[in-house]
There are 2 protein chains.
Amino acid sequence: MYSIHEVCERTGLTAHTLRYYEKEKLLPNVNRSAGGFRQYSDEDLEALGMICCLKNTGMSLQNISRFMALTREGDQTLRERCELLKKHRDTVLVRMEEMQKHLEKVTWKVNYFTERLAEYERNNSDTR
Amino acid sequence: MYSIHEVCERTGLTAHTLRYYEKEKLLPNVNRSAGGFRQYSDEDLEALGMICCLKNTGMSLQNISRFMALTREGDQTLRERCELLKKHRDTVLVRMEEMQKHLEKVTWKVNYFTERLAEYERNNSDTR
DNA sequence: GTAAACCTTGAAGTTTACTCTAAGTCAATG
DNA sequence: CATTGACTTAGAGTAAACTTCAAGGTTTAC
């Protein structure tokens with residue numbers, strides 16, 4: 001069992017964010033101590049690993065929440081989750097390809113500006 | 001000279017967004033007709049090209065606004081703009097590498113889920 | 001010359017993902 | 001057993017990037 005602070009260290013999320021995720025049903029049903037403090041289990045940590053993985057690849061919290069709800073339903077949703085995950089992977093792939101194209105444009109602009117700058121400095125080297 | 005609607009078609013931005021960008025100083029000083037309608041020049045379109053390029057690679061509107069302000073100051077800001085652009089390109093590169101790693105994790109999960117699903121269906125094939 | 005389509009403005013509203021606040025409860029230490 | 005510091009809650013606030021609204025002015029086509 002881990003306190004919210006330990007989970008912060010392990011996941012890189014803040015306590016605020018963990019509580020927020022709980023409220024938003026990404027990871028509800030976290031155990032509590034007698035005094036009402038959160039106690040995260042190893043499964044909770046594993047679930048948080050999945051949550052971060054999906055979040056880091058740009059899935060909205062709303063969709064992550066849906067995915068985690070399916071997870072809590074157990075193995076009979078394995079097929080559906082597998083399909084969702086594949087679809088997500090494809091989305092990410094497409095986004096990365098687009099990004100690659102956009103990046104090429106930036107690179108082109110950097111070269112263009114570098115040339116323009118060189119020319120500008122050639123023309124103004126005598127006025128200094 | 002192009003109407004706001006023509007610029008929408010060329011850039012893929014909505015009229016709302018174009019007006020918003022004007023208000024936010026990304027591209028202020030757009031010419032107006034006698035009746036007060038916006039008339040975009042070819043330079044405006046070129047500037048919008050740069051704006052979209054920066055936006056597509058994840059630069060904030062605030063930073064784009066700063067970049068465009070430098071652009072309006074003319075050639076004496078070429079060096080600064082060139083540096084900014086290079087820094088931006090590096091940022092994008094780093095972000096893409098991170099994304100690649102996150103994507104690999106998703107791919108791993110897809111495979112893991114595919115295997116788990118296969119096993120689940122093997123175990124439940126006789127109960128149907 | 002009037003109706004329909006299009007443009008104008010400022011301001012308020014929306015969404016996402018937090019982030020902070022206040023007022024209080026709980027646990028550990030001297 | 002009191003203090004310190006971490007934890008609790010509901011709810012308000014924030015930031016970015018739009019998006020919508022209402023009320024009105026402009027163009028164009030018949």
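Quick caveat: nothing in here was measured; it's all calculated off a predicted structure. Within every chain, numbering begins at 1; the chains are lettered A, B, ... in the order of the sequence lines, protein sequences first and strands thereafter.
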Residue pair B:I64 / B:Y21, side-chain heavy-atom distance below 4.5 Å: no
Validation row: A:C8, A:L13 side chains within 4.5 angstrom (heavy atoms): no
Sugar-phosphate, base or nothing in reach of A:S60, heavy atoms under 4.0 Å: sugar-phosphate
DNA chain C contacts made by residues 15-40 of chain B, counting heavy atoms under 4.0 Å: B:R19, B:R32, B:G36, B:F37, B:R38
Close side-chain approach of A:Q62 to A:R66, heavy-atom, < 4.5 Å: yes
Interatomic distance, A:T107 atom OG1 to A:L103 atom CG [nearest 0.5 angstrom]: 4.5 Å
B:T11 and B:T17, any side-chain heavy atoms less than 4.5 Å apart: no
Would you list the atom pairs, donor with acceptor, under 3.5 Å between side chains in residues 36-54 of chain B and any protein atom, with sequence neighbours excluded?
| from | atom 1 | to | atom 2 | distance (Å) |
| --- | --- | --- | --- | --- |
| B:R38 | NE | B:E22 | OE1 | 2.6 |
| B:S41 | OG | B:E43 | N | 3.4 |
| B:S41 | OG | B:D44 | N | 3.2 |
| B:S41 | OG | B:D44 | OD2 | 3.2 |
| B:D42 | OD1 | B:Y2 | OH | 2.5 |
| B:D44 | OD2 | B:S41 | N | 3.0 |

Side-chain touch A:E119/A:T114, heavy atoms, less than 4.5 angstrom: no
Minimum side-chain heavy-atom gap B:M96-A:Q100 below 4.5 Å: yes
Where chain B begins and ends its contact with DNA chain C, read 5' to 3' at 4.0 Å from heavy atoms: C:dC7 to C:dT9
Pairing residues for B:Y112 by the ring-ring contact (aromatic ring centres under 6.0 Å, His included) criterion, not counting sequence neighbours: B:W108
First and last nucleotide of DNA chain D, 5' to 3', lying under 4.0 Å from heavy atoms of chain B: D:dA16 to D:dT27
Of all pairs that satisfy side-chain hydrogen bond (donor to acceptor under 3.5 Å, both in side chains), the ones with a partner from residues 70-95 of chain B, not counting sequence neighbours: A:R116-B:D75, A:E121-B:R79, B:T57-B:H88, B:T77-B:R81
